[in-house]
Amino acid sequence: MKKRMGLIGARGYVGGELMRLLGAHSGLEPAVVSSRQLVGQKISEHFEYPSDTLIRDLGFEDVAELELDAWVLALPNGLAPAWVEAIRQHDKDAVILDLGADYRFDSTWTYGFTERFRDQISKAKLISNPGCYATAMQVAIWPILEFLDGPAHAFGVSGYSGAGTTPSDKNNPERLRDNLIPYALTGHIHEREVSTQMGHSVRFMPHVAEFFRGINITLSAPLKDGVEAADIWAAYERVWGAEPLIQVEKDRMPEVAQVAGAHHVGVGGVSVKDGHLVVVSVIDNLLKGAATQAMQNLNLALGFDEFNSVKL
Ligand SMILES: NC(=O)C1=CN([C@@H]2O[C@H](COP(=O)(O)OP(=O)(O)OC[C@H]3O[C@@H](n4cnc5c(N)ncnc54)[C@H](OP(=O)(O)O)[C@@H]3O)[C@@H](O)[C@H]2O)C=CC1
Ligand SMILES: CC(=O)N[C@@H](CCC(=O)OP(=O)(O)O)C(=O)O
């Protein structure tokens, strides 16, 4: 029998990607799918998932009648805690994975950067999925921390799906046409997330562009005396060389179009001059930046193969 999960916030871009992944999963099914706007429609009418079950508009009071192995929250930031409280009151055994930022600084939750915290995630009940930009930055920084001699500065450009489905300037096609919009140039939450996780100061300058999906991070940082490009490449190969979802790109510059629709992060474009490093990291914000990493983490926490449903 398959394990059963609930998805709250299914209508969003990330919810849609997660449903598509679940369609290819051998042991986990979305038993309860919730969206206020899609309530009453068949799951198969809206998602790439074959099921006649109706989409619900779940309330906190409905949680008590449901026995599920896992809950996934794909909601705007700030909305997860009320759901977590309702679920935990009724069932402390279910795995809860939050895709938003509400628990990324809470030490009672396990931070879901899969490639770094596999052991902890496989024992966890409460998992906070990393931010999209934050995942791309950490892939570039984590292996080379020992070489850095001061704050890293990350220039980020995201496709507009990163801004979710709620209309705003950041996903308004008129505003974005032939344009690049800088925003949150100091104090973006992913700046704090990466600085906290890496134990190293990171300055992050996000921008949003006209393309739909994908993120480019161009990271620049001072290096300790004597560090050369070969040291950086060797560290990436050592830490990420065996990772199916992280590709060290030695022969080409990583570009957004190479990862749009793909599960992996690409890191490369290493350039070192006068004690200064520049490196590029690209990710599909909706996949390894959200749904794919959530699937890896759920698989580990529920005892499945980490890559079940993630076609490599
Ligand atoms: N987009 C991205 O690239 C990434 C997103 N994330 C995170 O994943 C989560 C989902 O993101 P995304 O799919 O882009 O978001 P969307 O804005 O596209 O979707 C949000 C979902 O939440 C539901 N929702 C909105 N308001 C409420 C409410 N008051 N009560 C209940 N449900 C509500 C909406 O459905 P309905 O209105 O039908 O109920 C919708 O399904 C967010 O936490 C986001 O920060 C993480 C990494 C990357
Ligand atoms: C273009 C755009 O707006 N991107 C979003 C990406 C953040 C995100 O979705 O992640 P969390 O909210 O889960 O941290 C932003 O900068 O807020």
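Sequential numbering from 1 along the given sequence is applied to the chain's residues. In each ligand, atom 1 is the first atom listed, and ligand 1 is the first ligand listed.
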- Task: Would you tell me which option among Thr166, Asn77, Leu75 has the nearest heavy-atom contact to atom 43 (O) of ligand 1?
- Result: Leu75
- Query: What atoms in ligand 1 come closer than 4.0 Å to a heavy atom of Leu79?
  - Reply: 26 (N), 27 (C), 28 (C), 29 (N), 30 (N)
- Message: Once you restrict to heavy atoms under 4.0 Å, what part of Ser158 touches ligand 2? Side chain, backbone, both or neither.
- Response: side chain
- Out of Ala80, Ala74, Gly16, whose heavy atom sits nearest atom 20 (C) of ligand 1? Ala74
- Which heavy atom of the protein is the closest neighbour of atom 22 (O) of ligand 1, given with residue, atom name and distance? Pro76 CD, 3.3 Å
- Message: One thing to verify: whether Lys288 and Glu243 come together as a salt bridge, which I'm taking to mean a side-chain N less than 4.0 angstrom from a carboxylate O.
- Response: no
- Task: Determine, considering heavy atoms only, which of Glu17, Arg36, Gln37 sits nearest to atom 26 (N) of ligand 1.
- Result: Arg36
- Sub-4.5 Å side-chain heavy-atom contact between His276 and Ser220: yes
- Message: Among all the protein's non-hydrogen atoms, which is closest to atom 15 (O) of ligand 1, and how far away is it?
- Response: Gly164 CA, 4.1 Å
- Query: What atoms of ligand 2 come within less than 4.0 Å of a heavy atom belonging to Lys170?
  - Reply: 2 (C), 3 (O), 15 (C), 17 (O)
- Looking only at protein heavy atoms, what sits closest to atom 3 (O) of ligand 1 is Asn285 ND2, 2.8 Å
- Crowded around Lys125 NZ? As in, over 12 foreign heavy atoms under 6.0 Å? yes
- Message: Just so I know, are the side chains of His263 and Met295 near enough to count as touching, which here means a heavy-atom distance under 4.5 Å?
- Response: no
- Task: Measure Ala163 to ligand 1 on non-hydrogen atoms and call it side chain, backbone, both or neither using the 4.0 Å cut-off.
- Result: neither
- Task: May I ask you to identify the nearest protein heavy atom to atom 8 (C) of ligand 2, giving residue, atom name and distance to one decimal place in Å?
- Result: Cys132 SG, 3.9 Å
- For ligand 1, is there an N or O atom under 3.5 Å from any N or O atom of Cys132? no
- Query: Can you name the nearest heavy-atom pair linking Pro244 to Phe307, along with the distance?
  - Reply: CG-CZ, 3.7 Å
- Item | Side chain to side chain, Val32 and Leu66, heavy atoms closer than 4.5 Å | yes
- Item | Among His207, His190, Glu193, closest by any non-hydrogen atom to atom 7 (C) of ligand 2 | His190
- Query: Considering all heavy atoms of both residues, which atom of Phe212 and which atom of Ser161 are nearest to each other, and what is their separation?
  - Reply: O-OG, 2.7 Å
- For ligand 1, which atoms sit closer than 4.0 Å to a heavy atom of Leu286? 1 (N), 2 (C), 3 (O)
- Name the orientation class of the two ring planes belonging to Tyr133 and His190 (parallel below 30°, tilted from 30 to 60°, perpendicular beyond 60°). perpendicular
- So Gln293 and Thr135, side chain to side chain donor-acceptor pair (under 3.5 Å) or not? Walk me through it. CA-CA 9 Å; Gln293 190 145 247; Thr135 300; 3.2 Å; yes
- Message: Could you check whether any side-chain heavy atom of Pro30 comes within less than 4.5 Å of a side-chain heavy atom of Met19, counting everything from C-beta outward?
- Response: yes
- Item | Shortest protein contact, atom 13 (O) of ligand 2 (heavy atom only) | Arg104 NH2, 2.7 Å
- Tell me which one of Phe204, Tyr160, Tyr183 gets a heavy atom nearest to atom 2 (C) of ligand 2. Tyr183
- For Gly100, the ligand 1 atoms with a heavy-atom partner under 4.0 Å come out as 43 (O)
- Here the atoms of ligand 1 under 4.0 Å from any heavy atom belonging to Ser35 are 36 (P), 38 (O), 39 (O)
- Protein heavy-atom partner closest to atom 1 (N) of ligand 1 - residue, atom, separation in Å: Ser161 O, 3.1 Å
- pair Arg213-Asn285: side-chain heavy atoms closer than 4.5 Å: yes
- Query: Out of curiosity, is Leu99 lining ligand 2, as in a heavy atom under 4.0 Å away?
  - Reply: yes
- Message: How close do Met253 and Gln258 get, counting heavy atoms only, and between which atoms?
- Response: O-NE2, 3.3 Å
- What are the atoms of ligand 1, with element, lying closer than 4.0 Å to any heavy atom of Tyr13? 13 (O), 18 (O)
- Which ligand 2 atoms, with their elements, are less than 4.0 angstrom from a heavy-atom of Tyr133? 16 (O)
- Heavy atom under 4.0 Å from ligand 1: found in Ala10's side chain, backbone, both, or neither? backbone
- Query: How far is atom 12 (O) of ligand 2 from its nearest protein heavy atom, and which residue and atom name does that atom have?
  - Reply: Asn77 ND2, 3.0 Å
- Query: If every non-hydrogen atom of Ser122 is compared with every non-hydrogen atom of Asp119, which pair is closest and at what distance?
  - Reply: OG-O, 2.9 Å
- Query: Closest non-hydrogen protein atom to atom 8 (O) of ligand 1, residue and atom name please, with distance?
  - Reply: Leu99 CB, 3.6 Å
- Can you find an N/O atom of Gly162 closer than 3.5 Å to an N/O atom of ligand 2? yes
- Any donor-acceptor pair under 3.5 Å linking the side chain of Asn171 with the backbone of Thr166? yes
- Query: Which ligand 1 atoms, with their elements, are less than 4.0 angstrom from a heavy-atom of Gly289?
  - Reply: 47 (C), 48 (C)
- Task: Return yes when Pro206 approaches ligand 2 closer than 4.0 angstrom through a heavy atom, no otherwise.
- Result: no
- Task: Determine the minimum heavy-atom distance between Gly112 and Asn297, stating which atoms define it.
- Result: O-ND2, 3.0 Å
- Query: Quick one: which ligand 1 atoms are inside 4.0 Å of a heavy atom on Thr165?
  - Reply: 16 (P), 17 (O), 18 (O), 19 (O)
- Message: Yes or no: does Gly131 have any heavy atom under 4.0 Å from an atom of ligand 1?
- Response: no
- Does ligand 1 have a heavy atom under 4.0 Å from the side chain of Asp98, from its backbone, from both, or from neither? neither
- Query: How about Tyr160 and Tyr13: are their ring centres within less than 6.0 Å of each other?
  - Reply: no
- With a cut-off of 4.0 Å, which atoms of ligand 1 are near a heavy atom of Gly12? 13 (O), 16 (P), 18 (O), 19 (O), 40 (C), 41 (O)
- Report, in ascending order of atom number, the atoms of ligand 2 lying under 4.0 Å from any heavy atom of His188. 15 (C), 16 (O), 17 (O)
- Query: What do you reckon, does Val14 have a nitrogen or oxygen under 3.5 Å from a nitrogen or oxygen of ligand 1?
  - Reply: yes
- Measure the distance from atom 34 (C) of ligand 1 to every protein heavy atom, then report the residue, atom name and distance (to 0.1 Å) of the closest one. Arg11 NH2, 3.3 Å
- Query: Is the Phe155 ring parallel, tilted or perpendicular to the His207 ring (thresholds 30°, 60°)?
  - Reply: tilted
- Query: Side chains of Phe304 and Leu298: closer than 4.5 Å at any heavy-atom pair?
  - Reply: no
- Which heavy-atom pair separates Ala184 from Pro206 by the least distance, and what is that distance? O-CD, 3.3 Å
- Message: Under 4.0 Å between a side-chain nitrogen and a carboxylate oxygen: does that hold for Glu29 and Lys2?
- Response: no
